[in-house]
Amino acid sequence: MSTALWTAVADGAAAVCFLGGSFLAFAAGVGALRFRDLSARMHAATKPQTLGLVLVLVGLALRLRTGGAVWALLLVGVFAMLTAPVAAHLVGRAGHRTGRMSAERLVVDELTRDADQAAADDD
Amino acid sequence: MVRSRYGAGSRRPVGRVSVSRVQWWSVVWLAVVWVALWGQVSVGNVLVGMVVGILVTMLLRMTPIDFHGRLRPWGLVRLISRFAVDLVRGSLEVAVIALRIGYVPTGAVIGVRLRSHSDLYLTLTAELCSLVPGTVVVDAHRLTGTLYLHVLDVTHGRGVSDGLEVARSQVLAQEERVLRALASDAELVEAGLEVRR
């Protein structure tokens, strides 16, 4: 009886996680498509995407309920969280250096200011 | 030689930085990953994982991380729980902005000079700032310990200068949480933070 109850609770929680995760992944996709410049897109690709993935992984863990699978899912989550910011940083940095972050869409750009300052100091 | 100026409180002479020593923490971490990939804990898995870890750390050598702090359990709990809350808030914020029809966020790139000069804390702060509300790291300047971050939406119902100040103080608060979880007393004092017991 109680086993069946727990199974039902876990399945229900898994369903909620799947729905939440897919919603966030959807929002991330919309953001990546709709935002107007590269760096704004990177926001969509790091945050909702990561949490969406984590929710889907939690859902899977609740549904599968076997030790081995859960460890593998945990690893996927940890590596996603470790690598997403690094990827976003590299893309953002490359974008900024090649002028893809259009100045007119940034109200303040202290990186360009400081880089210009440093270049002027070198001269 | 340059390194020692920036590694906060590094007292080790630079020439002697453990070239021949095996980096045991990396080996343990790689062994844990190996065992998790196989999905079951057995003597064979752990042993093979250790061997793989030793091989990887010896063949692909990385600069050892200078760690002179100490783990503070309470600070660590605060850092992690706050991070979990922030991750959810940050994701929902971006999701809402993405789905608001016709709304164009106002972006900005700000430079925030961190108070500590350790590579480790700079990296951790940068990683965490990329996942919490509002900011993504665009560039990091190691010599001055400055992080450059892109703020997705500075206005967000406020004036631009208010929004920039909020973003700045969020980054510094994040750094403070990292330091309060990991830094030694000396590093806290150096960063201008009071040492709490």
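Within every chain, numbering begins at 1; the chains are lettered A, B, ... in the order of the sequence lines, protein sequences first and strands thereafter.
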Margin query: Does either side chain, that of B/T146 or that of B/T144, offer a donor lying less than 3.5 Å from an acceptor on the other one?
Written below: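 Yes, B/T144 and B/T146 have a side-chain donor paired with an acceptor closer than 3.5 Å.
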Most heavy-atom pairs under 4.5 angstrom with chain B, which of [options]?
{"options": "A/G52, A/A32, A/P48", "result": "A/P48"}
{"options": "A/H89, A/R97, A/M81", "result": "A/H89"}
{"options": "A/A69, A/A88, A/P85", "result": "A/P85"}
{"options": "A/V86, A/L82, A/L74", "result": "A/L82"}

Check: Looking at CG of B/L179 and OG of B/S118, how far apart are the two atoms once the value is rounded to the nearest 0.5 Å?
Finding: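 Between atom CG of B/L179 and atom OG of B/S118 there are 8.0 Å.
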With a 4.5 angstrom heavy-atom cut-off, which part of [X] approaches chain A: side chain, backbone, both or neither?
{"X": "B/V96", "value": "neither"}
{"X": "B/E127", "value": "both"}
{"X": "B/T135", "value": "backbone"}

Check: Any side-chain heavy atom of A/R65 within less than 4.5 Å of one from A/T7?
Finding: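 They are in side-chain contact.
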Next item on the list: Kindly indicate whether the side chain of A/L24, heavy atoms from C-beta on, has any atom under 4.5 Å from the side chain of A/Q49.
Entry: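 A/L24 does not reach A/Q49 side chain to side chain.
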Check: Are A/V78 and A/L73 joined in one hydrophobic group, where the rule is that I, L, V, M, F, W and Y side chains link up if heavy atoms are under 4.5 Å apart?
Finding: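 Different clusters: A/V78 never reaches A/L73 through Ile, Leu, Val, Met, Phe, Trp or Tyr contacts under 4.5 Å.
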Can you tell me which portion of [X] sits under 4.5 Å from chain B's heavy atoms? Options are side chain, backbone, both or neither.
{"X": "A/T50", "answer": "side chain"}
{"X": "A/L90", "answer": "neither"}
{"X": "A/V54", "answer": "neither"}
{"X": "A/A28", "answer": "neither"}

Check: For atom CZ of B/R168, is the number of surrounding heavy atoms from other residues, nucleotides or ligands below 6.0 Å larger than 12?
Finding: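 More than 12 heavy atoms, drawn from other residues, nucleotides or ligands, come within 6.0 Å of this atom.
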Margin query: Is it true that, when you exclude A/F26 itself, more than 12 heavy atoms of the residues, nucleotides or ligands shown sit nearer than 6.0 Å to its CZ?
Written below: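 At most 12 heavy atoms, drawn from other residues, nucleotides or ligands, come within 6.0 Å of this atom.
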Item checked: Options B/V35, B/V88, B/T123, ranked by heavy-atom pairs under 4.5 Å with chain A, top entry ->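 Ranked by heavy-atom pairs under 4.5 Å with chain A, first place is B/V88.
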Notebook entry, point to check: Any ion pair linking B/R100 and B/D153 (charged N to carboxylate O, less than 4.0 Å)?
Noted result: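 Salt bridge flag = no for B/R100 with B/D153.
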